[in-house]
Amino acid sequence: MSNVGLVPTGSKRKVFNAALFAQATQERTLTNDLTSMAKPIGKGTGQIGKTQTDATHPVVRVNDLKSEKGDTVGIDIVHPITGKPVMGDNKLAGKGSKISMGTTEIKVNQGRKMVEDGGNVLKRLTSHNRKEIANLLLGQYYNEFDELTTIYHLLGARGTYTIHDDKVPLETDPDYASIMVNDVLAPSYSRHMYAGDATSFDNLDSADRFSLEVVDNLSLYLKELSVPIRPIILPEATKAGHDPFYLQYVTARQWADMEESATYKDFQQMVANASKRAAGFNHTLFRGDILMKGNILIRQMPRAVGWRPGDIAQVSLNQANAATQPLEAKAHIHRSVLLGGQAMGLAFGANDKVKSQFNITEKSEDHDNVNEISIAWVNGKQALRLPDAKGWLHDTGRIIVDTAVNDKNL
């Protein structure tokens, strides 16, 4: 949404709003990097006009124009096929595995942001088109806000770090819950790991930093999961002959700790592995600084989620319902996330007046001295989880890793 253009009038508005949605879902953003193109759910489902992206990407996006602000949108979660094969000439009839799917309801709500064009005096002092600037700034604002809310939902926490232009306030802010629309779900117990010899959030110490050992432990854990996480399969994979992979986002300090702990040879080997795996791919996940350890692609996050000593985080208990308890950080802690398919649901609804996911309006105020231009969107996000056969809740597409970090200048 980097260039939203001028606000149209009349019959052009509906087409313009649809174009805004198309542009918002095609910009190079963290959210869009993690999802695929949406496909119609299909006739005969009672959901005509509803689309959903593939289960082989971390973010599953659903577009449902029948759902308006305050409504919920259902996201279908696909279970892998299980069971024994049929061998030799044994009869296959009646032994087929049923396609198993679950549905998670995600709330959607309207978000808005407005700018003023500066008034008539400012207009006379500059040759810039204030309306175009306002539209550009609103598009940039939405992209940055969207990226932050995706990070916080994927990592299961807002953390306590702040910067001067935060668009998402701390969890203690009275508006935090409404801004995030859906509950930010702490990782389920089976999907939460710690670096070093730590076994809990509150016993991480300064020595428990991110390292190659953490990645190796994750790789082993993935292979041993009783409720597995679906790997990521990009559209180019079948053409290029590449294996499925998992994606791990780390903070800049976790990356530095890993680089410091690895030998030069090991680090260069991961760079070479990433370069080799990227060959034949034209996908943004394989651009920039990347590392590859086994089938885990490692990238840096644009924003760190972390806590300082004495800060409190919600951590899931070893219980079926994934109830949480508050635990105190004893060190400077950063959070990393490993992603597979179906990690988070992103649902778009519609503005109840214009029946579109996005809307831009312009209004004159102060006796025609100032123009107000606003953007509105209707969506909601949440990490996806489903119960296993015994009723225990497990996150479907993520594993969280908390580590201590070098606390210099923190």
Side-chain angles (χ1 to χ4, degrees), residues 34 55-58 77-85 97 100-102 154-156 185-201 203-204 208-234 237 242-250 254 257-258 261-262 266 269-270 273-274 277 291-299 315-324 334-344 383-404:
L34 299 178
T56 57
H57 287 61
I77 305 175
V78 182
H79 296 272
I81 296 175
T82 60
K84 298 181 294 184
S97 294
S100 177
M101 301 178 67
L154 283 174
L155 272 69
L185 301 177
S188 57
Y189 185 83
S190 64
R191 302 294 198 250
H192 200 171
M193 297 179 63
Y194 307 94
D197 60 359
T199 57
S200 178
F201 182 87
N203 64 26
L204 280 163
D208 299 321
R209 298 188 187 180
F210 199 90
S211 66
L212 294 188
E213 183 182 9
V214 172
V215 183
D216 288 336
N217 289 339
L218 262 174
S219 182
L220 178 61
Y221 189 69
L222 283 166
K223 295 172 183 176
E224 295 178 341
L225 282 174
S226 60
V227 182
I229 290 178
R230 180 191 297 269
I232 300 168
I233 303 176
L234 297 180
H242 291 290
D243 294 328
F245 67 98
Y246 298 92
L247 171 65
Q248 184 160 17
Y249 276 116
V250 300
Q254 288 175 324
D257 285 339
M258 176 178 57
S261 70
D266 285 340
Q269 184 62 56
M270 289 191 295
N273 292 344
R277 182 64 72 92
L291 303 172
M292 198 92 197
K293 188 78 165 68
N295 67 340
I296 298 178
L297 178 69
I298 305 171
R299 295 183 60 90
V315 178
S316 289
L317 296 164
N318 188 13
Q319 296 179 0
N321 63 355
T324 63
H334 278 197
R335 177 161 286 185
S336 168
V337 61
L338 179 135
L339 300 173
Q342 304 182 130
M344 186 190 83
L384 298 175
R385 58 174 44 156
L386 282 176
D388 62 17
K390 297 180 179 180
W392 283 68
L393 288 172
H394 300 275
D395 297 335
T396 58
R398 64 173 180 173
I399 295 177
I400 297 297
V401 183
D402 288 335
T403 77

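Checked against side-chain contact (heavy atoms from CB on, under 4.5 Å), Ala198 has the following partners two or more places apart in sequence or in another chain: Tyr194, Asn203, Leu204, Asp208. Partners of Phe201 by ring pair (Phe, Tyr, Trp, His ring centres under 6.0 Å), not counting sequence neighbours, listed by chain and number: Trp307. Listed by chain and residue number, Thr263 satisfy the side-chain hydrogen bond (donor to acceptor under 3.5 Å, both in side chains) test with Asp266 (two or more places apart in sequence, or in another chain). Listed by chain and number, the residues in a ring pair (Phe, Tyr, Trp, His ring centres under 6.0 Å) with Tyr189 amount to none (sequence neighbours excluded). In this view, Ser336 and Gln248 satisfy the side-chain hydrogen bond (donor to acceptor under 3.5 Å, both in side chains) rule, not counting sequence neighbours. Qualifying side-chain contact (heavy atoms from CB on, under 4.5 Å) partners for Asp388, counting only residues two or more places apart in sequence or in other chains: Val227, Lys390, Trp392, His394. Glu213 meets the side-chain hydrogen bond (donor to acceptor under 3.5 Å, both in side chains) test with no other residue; sequence neighbours excluded. Legend: residues meeting ring pair (Phe, Tyr, Trp, His ring centres under 6.0 Å) with His334, ordered by chain and number and at least two apart, are Tyr161. Applying the side-chain contact (heavy atoms from CB on, under 4.5 Å) rule to Lys223 yields the partners Ser219; only residues at least two apart in sequence or on another chain are considered. Qualifying salt bridge (charged side-chain N to carboxylate O under 4.0 Å, His left out) partners for Arg209, counting only residues two or more places apart in sequence or in other chains: Asp257. Scanning for salt bridge (charged side-chain N to carboxylate O under 4.0 Å, His left out) contacts around Asp395 gives Arg385, Arg398, with sequence neighbours left out. Applying the salt bridge (charged side-chain N to carboxylate O under 4.0 Å, His left out) test to Asp216 and every residue at least two apart in sequence or in another chain returns Lys293.
With 3.5 Å as the limit, one finds a donor-acceptor pair spanning the side chains of Thr403 and Gln254.
Side-chain contact between Leu34 and Tyr249 is present, with at least one heavy-atom pair separated by less than 4.5 Å.
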